[in-house]
2 protein chains.
Amino acid sequence: MTGVTNLSIQIVTGDSRPIFKQIVDGIRMEVAKGSLPPGAKLPSVRGLAMQLMINANTVAKAYGELTALGLVEARQGLGLFVTEPRQLLSDEEQQKRLDAAVGAFINEVAYLSYDSEHIIKAVQDALTSLGGKAGKNSDEG
Amino acid sequence: MTGVTNLSIQIVTGDSRPIFKQIVDGIRMEVAKGSLPPGAKLPSVRGLAMQLMINANTVAKAYGELTALGLVEARQGLGLFVTEPRQLLSDEEQQKRLDAAVGAFINEVAYLSYDSEHIIKAVQDALTSLGGKAGKNSDEG
DNA sequence: TCAACTGTACTATGTGTAATAGTACAGTGC
DNA sequence: GCACTGTACTATTACACATAGTACAGTTGA
């Protein structure tokens with residue numbers, strides 16, 4: 001044991017998202033929630049593959065995505081580690097991502113017969129359950 | 001002219017979503033915004049295909065999705081028409097869809113360094129721009 | 001009746017992605 | 001040296017997407 005964080009990721013075959021994407025999203029959520037703090041060591045490619053009963057290349061692909069996102073960092077021969085929180089994207093790119101996410105979200109919920117306040121509250125509750133980890137102020141980091 | 005509503009859908013090749021999905025989302029948004037009121041006639045499969053410069057089968061697939069969603073209704077030999085607004089899904093299913101949409105949304109925005117209030121406001125603004133069409137009360141339909 | 005339109009249902013083909021399997025290599029720690 | 005780490009290949013299978021062409025039943029207007 002060198003401090004490897006055990007992940008509680010679940011792979012759902014019925015999900016429309018591919019397996020590697022489910023891993024990326026899962027780890028991204030763990031980091032956002034704080035379950036994976038900066039410096040935490042991720043399970044090895046082969047270890048997580050065995051745990052999830054999938055191919056190692058699939059995990060490697062997910063880890064490649066996370067590395068490209070800047071969320072984790074690879075140290076040759078050691079493993080993957082969660083990076084320190086920082087400004088990963090430009091303000092313009094952040095705004096673009098937010099707009100896209102909001103647009104996609106609205107497209108999904110506008111179809112439902114829910115009150116606007118009900119939708120807002122659902123989002124608020126979900127954000128609150130992150131434990132304020134997403135409540136970072138956007139001062140010059 | 002038999003009252004066919006002209007659609008302002010744009011197909012973006014750079015989008016990660018497939019073409020037929022972009023059509024589904026586009027029309028779903030038009031209906032939510034009110035640009036496509038109940039009873040409105042959609043462009044024909046071949047007409048929209050020519051307008052968007054894509055294959056007719058792709059439009060047919062999108063129309064099939066919309067029909068399966070219950071958002072539009074096909075009248076043999078006549079065309080597709082927007083259905084009357086009604087409870088299309090069970091309360092349980094609605095809740096499930098909302099949870100999934102919120103979860104996917106949170107997964108996208110938790111990664112960004114935005115204040116919770118900022119995110120909430122973005123969603124609120126987007127909902128408001130729908131013109132209250134999504135503000136339907138969930139009384140027994 | 002006939003022609004032109006409507007959605008729908010097929011077959012076939014080409015392309016790209018996802019996932020699997022196996023192999024190989026450089027770096028790290030004991 | 002050995003066991004571990006991430007990474008990079010090749011190859012194969014399966015599936016989704018988009019295209020192309022054809023066909024059929026129903027509707028409308030001439």
Side-chain angles (χ1 to χ4, degrees), chain A residues 1-7 9 11-27 39-83, chain B residues 1-7 9 11-27 39-83:
Chain A
M1 290 286 190
T2 56
V4 180
T5 307
N6 203 1
L7 296 181
I9 296 180
I11 300 300
V12 184
T13 54
D15 199 321
S16 62
R17 301 200 176 282
I19 297 177
F20 84 93
K21 180 70 175 171
Q22 292 184 43
I23 297 174
V24 170
D25 290 346
I27 292 179
K41 185 176 190 301
L42 265 61
S44 73
V45 166
R46 297 167 181 83
L48 185 56
M50 202 179 307
Q51 176 189 326
L52 300 178
M53 294 191 297
I54 58 177
N55 194 273
N57 288 332
T58 305
V59 179
K61 186 172 183 178
Y63 279 11
E65 290 272 322
L66 290 166
T67 303
L69 287 172
L71 212 69
V72 300
E73 210 169 25
R75 302 184 201 165
Q76 260 287 35
L78 296 180
L80 276 192
F81 299 86
V82 179
T83 57
Chain B
M1 292 279 196
T2 57
V4 181
T5 306
N6 202 2
L7 296 181
I9 297 179
I11 301 301
V12 183
T13 54
D15 200 321
S16 62
R17 301 199 176 283
I19 297 177
F20 85 93
K21 181 72 175 168
Q22 292 184 44
I23 297 175
V24 171
D25 289 347
I27 292 177
K41 188 178 189 299
L42 266 61
S44 74
V45 166
R46 297 167 181 83
L48 185 56
M50 202 178 309
Q51 176 189 327
L52 300 178
M53 294 191 297
I54 58 176
N55 194 273
N57 287 331
T58 305
V59 179
K61 187 172 185 179
Y63 279 11
E65 289 274 320
L66 289 167
T67 304
L69 287 172
L71 213 71
V72 299
E73 210 169 23
R75 301 184 202 163
Q76 258 289 32
L78 296 180
L80 277 192
F81 298 86
V82 179
T83 56

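Quick note on labels: first sequence line is chain A, next is B, and so on, each numbered from 1.
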Report each atom pair, protein N/O against N/O of nucleotides 25-27 of chain D, whose distance is under 3.5 angstrom.
unit_1 : atom_1 : unit_2 : atom_2 : d
D/dG26 : N2     : B/G77  : O      : 3.3

### Message
With salt bridge (charged side-chain N to carboxylate O under 4.0 Å, His left out) as the rule and sequence neighbours excluded, what pairs involving residues 14-23 of chain B come up?
### Response
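Output for this query lists B/R17-B/D25, B/K21-B/D25.
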### Query
Using a 3.5 Å cut-off on both pairing distances, which stems of three or more Watson-Crick or G-U pairs include DNA chain D?
C:1-30 with D:1-30
Taking all non-hydrogen atoms of both residues, which atom of [X] and which atom of [Y] are closest, and how far apart?
{"X": "B/S44", "Y": "B/G47", "value": "OG-N, 2.8 Å"}
{"X": "B/F81", "Y": "B/L78", "value": "CE1-CB, 4.0 Å"}
{"X": "B/A56", "Y": "B/A49", "value": "CA-CB, 3.6 Å"}
{"X": "A/T83", "Y": "A/L71", "value": "OG1-O, 2.9 Å"}
{"X": "B/L80", "Y": "B/V72", "value": "CD1-CG2, 3.9 Å"}
{"X": "B/I9", "Y": "B/I23", "value": "CD1-O, 4.0 Å"}

### Task
Sort out for me which residue in A/N55, A/I54, A/V59, A/V12 forms a side-chain contact (heavy atoms from CB on, under 4.5 Å) with A/I19.
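The option that passes is A/I54.
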### Task
Give a yes/no answer on whether the side chain of A/S44 brings an N or O atom under 4.0 Å of OP1 or OP2 in D/dT5.
yes
### First and last nucleotide of DNA chain C, 5' to 3', lying under 4.0 Å from heavy atoms of chain A
C/dA18 to C/dG29
### Message
Distance check needed: D/dT5 P versus A/E73 CD, whole Å only.
### Response
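So the CD-P distance, A/E73 to D/dT5, works out to 19 Å.
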#### Entry: Strand-adjacent residues in residues 52-69 of chain B, judged by heavy atoms under 4.0 Å from DNA chain D
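Correct list: B/I54, B/N55, B/N57, B/T58, B/K61.
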### Query
In Å, rounded to the nearest 0.5 Å, how long is the span from CD1 of A/I27 to CD of A/Q22?
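It is 12.0 Å, given to the nearest 0.5 Å.
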### Message
Is there a side-chain contact (heavy atoms from CB on, under 4.5 Å) between A/I11 and A/M53? Walk through the geometry before answering.
### Response
CA-CA 9 Å; A/I11 300 300; A/M53 294 191 297; over 6 Å; no
### Message
Suppose we screen for side chain to side chain contact (heavy atoms under 4.5 Å, CB included). Which residues come up paired with A/F20, at least two apart in sequence or across chains?
### Response
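A/F20: side chain to side chain contact (heavy atoms under 4.5 Å, CB included) contacts with A/P18, A/T58, A/K61, A/A62, A/E65.
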### Along DNA chain C (nearest heavy atom to each residue), the more 5'-positioned of A/R46 and A/F20
A/F20
